[in-house]
Amino acid sequence: MNHRKFLTLFFAVFFIVALVAMVGCEEPEEEVVPEEPEEAVEEEPEEEEVAEEPEEDISIDIIVGFGAGGSNDLTARYLADYLSEHGIIASVVNMPGGMSTEAAYHVAGQDPESNMFFWGHTGPLLFEPAAGDRGYTIDDFEPVAVLAAPTFCIGARPGAPWGDDFDAMVEYIQENPGEVTFGGQGEGNVRHYAVEQILPPDELDYTFVGLEGGADVAMNLQGEHVDVGHLSLAAASPLVADGELWAVVNTNPLVERVDLMPEVPNVSEYGIPEGQEPHPIGLWAIQGTDPALIERLTNAIKEIADDPGLQESYKEMGVVAHYLGPDDAWEFYMNVQENVVPDYMEWLEAYTAGGN
């Protein structure tokens, strides 16, 4: 073998050995193991929302112890209108007589399943039963809710020398004993009692005259037959606007200033809280009435109290739309029974004994 052939063979073998060595040094490819597919998770079907079925309409009677057209009647009728929006069809039935005691007596004697309710305040529910046997007491009822607080006021005749200033009026009576005549809504009743809390006759010398009601008081003030009188703020409002009357103070028990006439101060602002007339009107159920029905009415009245339409309607009558639930309503009435009624009874006995 010649030298050239030897070199050629040598390099060929060397190349083959080197190539094999290089291939042997390469890292083996990783075996790709296919991932097993994840087991499909069965999704639970979403629960369909079940719409609440609206409550069935129900009919009730609301018994009002005064005639049509007054604040007691109108506040009940406005309430009835708004109750219809809650599926409660309310019929307002007027049953005047005995300062609303005949209506309260009638309702108290009904079956609890009659769906009959009494639209009443502290007069027939507390003061009247305290004054004598009326055939029922407040314990024959349970509160649904208080909604309306009528406002009364002390008004003065046009041209009165004290104007609408309460302190000036009191000072005038003090300096002119026996000259001032006060026109009240009846005599020897709760409203007369309220007047004497504001103007105590043992401290102020004036003449009290019992008239037939608020309208009669307004006429006598306009005609200047009496100097001062007790009437509803609603009755006073148009007369004040026409310059035919001064509104001196209001006697609302739940708020100090009333939207109908916010400029008229409350008697409590003169340090006479006992002059506030505690007679907010509420809906009262017969003891034993279905609690579910009472709750339905309570919830509806709570919403209605915030309705601007009802508030405006009440405002025009000088009535404050003020909600008290069953517990708060009962607490308010019990406070009156414990702290006001005994004093009223003492006053009434003294007044009766005095031959007035």
Side-chain angles (χ1 to χ4, degrees), residues 60 62-65 71-72 75-76 78-80 82-83 86 88 90 100 103-104 107-108 112 116-130 136-152 190 194 250-259 266-269 273-308 310-311 313-315 317-344:
I60 66 170
I62 299 177
I63 310 301
V64 177
S71 60
N72 280 265
T75 49
Y78 282 125
L79 170 62
Y82 284 88
L83 282 174
H86 295 262
I88 302 167
S100 198
V107 176
M116 185 177 291
F117 297 83
F118 177 56
W119 186 242
H121 52 82
T122 55
L125 288 168
L126 294 178
F127 290 100
E128 287 294 329
Y136 67 88
T137 70
I138 192 172
D139 293 318
D140 292 311
F141 300 90
E142 54 184 300
V144 176
V146 158
L147 177 62
T151 305
F152 290 92
V190 176
N250 82 70
T251 65
N252 194 288
L254 299 179
V255 298
E256 287 190 344
R257 298 296 175 113
V258 179
D259 288 342
N266 190 278
V267 287
S268 64
E269 297 177 52
E274 61 274 18
Q276 293 177 309
E277 298 184 70
H279 52 240
I281 307 174
L283 194 65
W284 292 78
I286 305 164
Q287 278 288 351
T289 298
D290 181 6
L293 175 56
I294 292 177
E295 183 178 9
R296 182 176 176 182
L297 282 163
T298 299
N299 292 338
I301 293 173
K302 185 176 183 179
E303 288 187 31
I304 290 168
D306 291 329
D307 190 289
L310 178 118
Q311 291 178 352
S313 297
Y314 275 16
K315 172 186 171 182
M317 296 187 292
V319 174
V320 176
H322 190 101
Y323 170 80
L324 293 178
D327 291 341
D328 289 337
W330 187 258
E331 182 179 353
F332 183 95
Y333 274 64
M334 290 302 98
N335 181 60
V336 173
Q337 179 164 275
E338 293 171 12
N339 299 307
V340 182
V341 171
D343 188 66
Y344 165 72

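Every value quoted in this text rests on a predicted model; they were computed, and no experiment measured them.
To the nearest 0.5 Å, atoms OG (S100) and CD (E128) are separated by 9.0 Å. Atom CE of M317 is separated from atom CG of N72 by 9.5 Å, given to the nearest 0.5 angstrom. Rounding to the nearest 0.5 angstrom, the gap separating the CZ atom in R296 from the CG atom in D290 is 11.0 Å. Distance CD1/I281 to CG/L79: 11.0 Å, rounded to 0.5 Å. One distance of note links CZ of R257 with CG of N250; it measures 8.0 Å at 0.5 Å rounding. Rounding to the nearest 0.5 Å places CD1 of I294 at 6.5 Å from CZ of F117.
Residue-environment remark: CD (Q287) exceeds the threshold of 12 foreign heavy atoms within 6.0 Å. Within a 6.0 Å radius of CD in E295, no more than 12 heavy atoms belonging to other residues, nucleotides or ligands are found.
Side-chain contact between D140 and W284 is absent, with no heavy-atom pair separated by less than 4.5 Å. With contacts defined as side-chain heavy-atom distances shorter than 4.5 Å, the pair I60/L297 qualifies. A heavy-atom distance below 4.5 Å is not found between the side chains of F141 and Y333. At a threshold of 4.5 Å between non-hydrogen side-chain atoms, the residues E142 and P326 do not count as touching.
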* Asked: Which is it for L324 and E331 under the side chain to side chain contact (heavy atoms under 4.5 Å, CB included) test, yes or no, and what are the steps along the way?
  -> CA-CA 10 Å; L324 293 178; E331 182 179 353; over 6 Å; no
* Asked: Do F118 and L125 pass the side chain to side chain contact (heavy atoms under 4.5 Å, CB included) test, and can you show the C-alpha distance, the side-chain angles, and the key distance before you say yes or no?
  -> CA-CA 10 Å; F118 177 56; L125 288 168; 4.1 Å; yes
* To do: For V146 and H322, run side chain to side chain contact (heavy atoms under 4.5 Å, CB included): C-alpha distance rounded to whole Å, both residues' side-chain angles, the deciding distance at 0.1 Å, then the answer.
  => CA-CA 7 Å; V146 158; H322 190 101; 5.8 Å; no
* To do: List the steps and the verdict of side chain to side chain contact (heavy atoms under 4.5 Å, CB included) for T298 and Y323.
  => CA-CA 10 Å; T298 299; Y323 170 80; 3.3 Å; yes
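For D343, the side-chain contact (heavy atoms from CB on, under 4.5 Å) partners two or more places apart in sequence, or in a different chain, are Y193, Q197. With sequence neighbours left out, N339 forms a side chain to side chain donor-acceptor pair (under 3.5 Å) with N335.
Heavy atoms only, all atoms of each residue included: A329 and P143 are closest at CB-CB, 4.1 Å. When every heavy atom of T75 is checked against every heavy atom of Y314, the shortest pair comes out as O-OH, 2.8 Å. The two residues E277 and A194 come nearest to each other via the heavy atoms CG-CB, 3.6 Å. Nearest heavy-atom pair, V258 versus G318, reported as atom, atom and distance to 0.1 Å: CG1-O, 4.2 Å. Looking at every heavy atom in both residues, Y136 comes nearest to P124 through OH-O, 2.6 Å. Residues L283 and I301 come closest through the heavy atom pair CD2-CD1, 4.1 Å.
Side-chain N or O atoms of Y82 include one that pairs as donor or acceptor with a backbone N or O of L310 at under 3.5 Å. The backbone N or O of G325 sits nowhere less than 3.5 Å from a side-chain atom of D328 that would complete a donor-acceptor pair. Not a single donor-acceptor pair under 3.5 Å links the side chain of N252 to the backbone N or O of N266. Judged by distance alone, with hydrogens and angles left aside, the side-chain atoms of H86 form no donor-acceptor pair with the main-chain N or O of I88 at under 3.5 Å.
For the pairing with Y344, the side-chain contact (heavy atoms from CB on, under 4.5 Å) check across V190, T122, V336 returns one residue only, V190.
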